[in-house]
Amino acid sequence: MTNIINPVVVLGGLGLLFGVLLSIASKVFVVEVDPKIEDVLNALPGANCGACGYPGCAGCAAAIAQGKAPVTACTIGGQKVAENVADIMGVNAAQMDRNVAVVLCQGDCDKAKDKYVYQGLQDCRIQATLAGGQKECSYGCLGCGSCFDVCEFNAIRMINGIAVINKENCTACNKCVEICPKRIIEMVPYDSTAIVKCKSEDPGKLVRGYCSIGCIGCKICVKNCPTEAFSFENNLAWINYDKCINCLVCVEKCPTNAIDNSSIVSEEFAREFAS
Amino acid sequence: MSLFAIMVSTILVNNYVFARFLGICPFLGVSNKMETATGMGFAVTFVTTLASIITYIIQKSILDTLGLQYLQTIVFILVIASLVQFVELALKKISPGLYSAMGVFLPLITTNCMVLGVAILNIQEGFTLLQTTVNAVGASLGFFLALILIAALREKMDIADIPEALAGFPITLIAAGLMSIAFTGFAGLV
């Protein structure tokens, strides 16, 4: 009889012991969870796609509830999900700024000089390991289209050797921002039109030598901006988008056209995205 | 066997992934990125060490005294599953930072056969409690090493020009196989 009773008692006893221990532990180690997190989580699509940059919808919900992420953090859910989340968080979704990615380089094949001809794999991350890429400018777009490859929303095209982003299609999923080895894709407010499309921190003389459309650090934009939205750092002009009133004075005055009016699209751009 | 010999043997010679082929699921599952690989590595080290010590005590004090050695597998699984649950609960409260660092990986470890394998082999080898602890730490460090090596390779292979038929998992399995062959070079070290 003990042959049967012993194992049953041991296994059953251990199971019971662990069960009791765990239930005690769950009471002792209870963590107060913000009820908002649960509500936000229910409002999210629950696809755990990771496009928001957080580990799954639960991570995104926690970030939203703590105010670390905007209510529009879920790029896949779009306006509808954003509105539901905004209701829970008590803010207005319409007030939230929509951000879009923009490539901060205009040095295409005609405007920027190369230091060598790259014939390897068509991947920017590999080209960047060879002396920083084929362009003489060590800050510019490499043009292999790694961002184009990762974009799932048909928002990026390679035109004349540089990447351009169609802000209408951009969902701010950040994939291109992460993959770009040169870190020249950044998020800017959807409504901003004047954008400094250059990241070169080289002195103006050098920039003039290798690129006809780079920022040469002349500070004309800083002097002419009516709202003092420009700052100047590391040989490069920066716009504070909160102060910018889109008067476009800087775009007119910039001697190299490094500041671009992003609301005007080239014919080639329109043709690429029409097809 | 000296403790040092046990350590070297379990990390390199009898590496649990490359020589004993245990823990292959997490080895392939979470080795896409270096970051997740390190998270998993730490979590496994933590749980394996704790589980080995507790299973050793239960084996010696309960199973051996009652002559119930045949219940070993199921009891050990019970211990590991409850332990993982407990550690998760405790970590959440005590160290939220550590919890968020390896939170997603903790529940996955319940099904990591390496944890169970180490616990059972400790008993089979007739180790003492100290040797068991050293063996468990060594085993998880070996797993950690394997995970980091393959994660580093996979990060490089992501952007390499691999024939379409081999891209993804096939090339990872080939790389893992080659690495296993390379690890046989350590045979005879201890």
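Letters go in sequence order (proteins before strands), and every chain restarts at 1.
Using the six-membered ring where Trp is involved, A:F29 and B:F86 have ring planes that are perpendicular, over 60° apart on the 30 and 60° scheme. Relative orientation of the A:F269 and A:F273 rings is tilted, given thresholds of 30° and 60° on the angle between their planes.
For B:I159, the parts lying near chain A are the backbone and the side chain together; criterion is any non-hydrogen pair under 4.5 Å. If you measure heavy-atom distances from B:A160 to chain A, the contacts under 4.5 Å come from the backbone alone. Neither the backbone nor the side chain of B:L83 has a heavy atom closer than 4.5 Å to any heavy atom of chain A. Of the two parts of A:L22, the backbone and the side chain both hold a non-hydrogen atom closer than 4.5 Å to a non-hydrogen atom of chain B. For a residue to count as touching a neighbouring chain, one of its non-hydrogen atoms must lie under 4.5 Å from one of that chain's; by this rule B:L71 touches chain A with the side chain only.
Between B:G41 and B:L147, the shortest heavy-atom distance links the atoms N-CD2, 4.0 Å. The two residues B:L153 and B:A175 make their nearest non-hydrogen contact at CD1-CB, 4.3 Å.
Residues B:I11 and B:M7 form a side-chain contact, since some pair of their non-hydrogen atoms from C-beta on lies under 4.5 Å apart.
Distance check: B:I53 CD1 to B:T48 OG1 gives 11.0 Å after rounding to the nearest 0.5 Å.
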Give me a line-by-line list of donor-acceptor atom pairs from chain B to chain A that are under 3.5 Å apart, or tell me none exist.
{"unit_1": "B:K93", "atom_1": "NZ", "unit_2": "A:V30", "atom_2": "O", "d": "3.2"}

Check step by step if side chain to side chain contact (heavy atoms under 4.5 Å, CB included) holds for A:L104 and A:I185.
CA-CA 6 Å; A:L104 299 181; A:I185 305 182; over 6 Å; no

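Between B:F144 and B:Y16, a ring centre-to-centre spacing not shorter than 6.0 Å is recorded.
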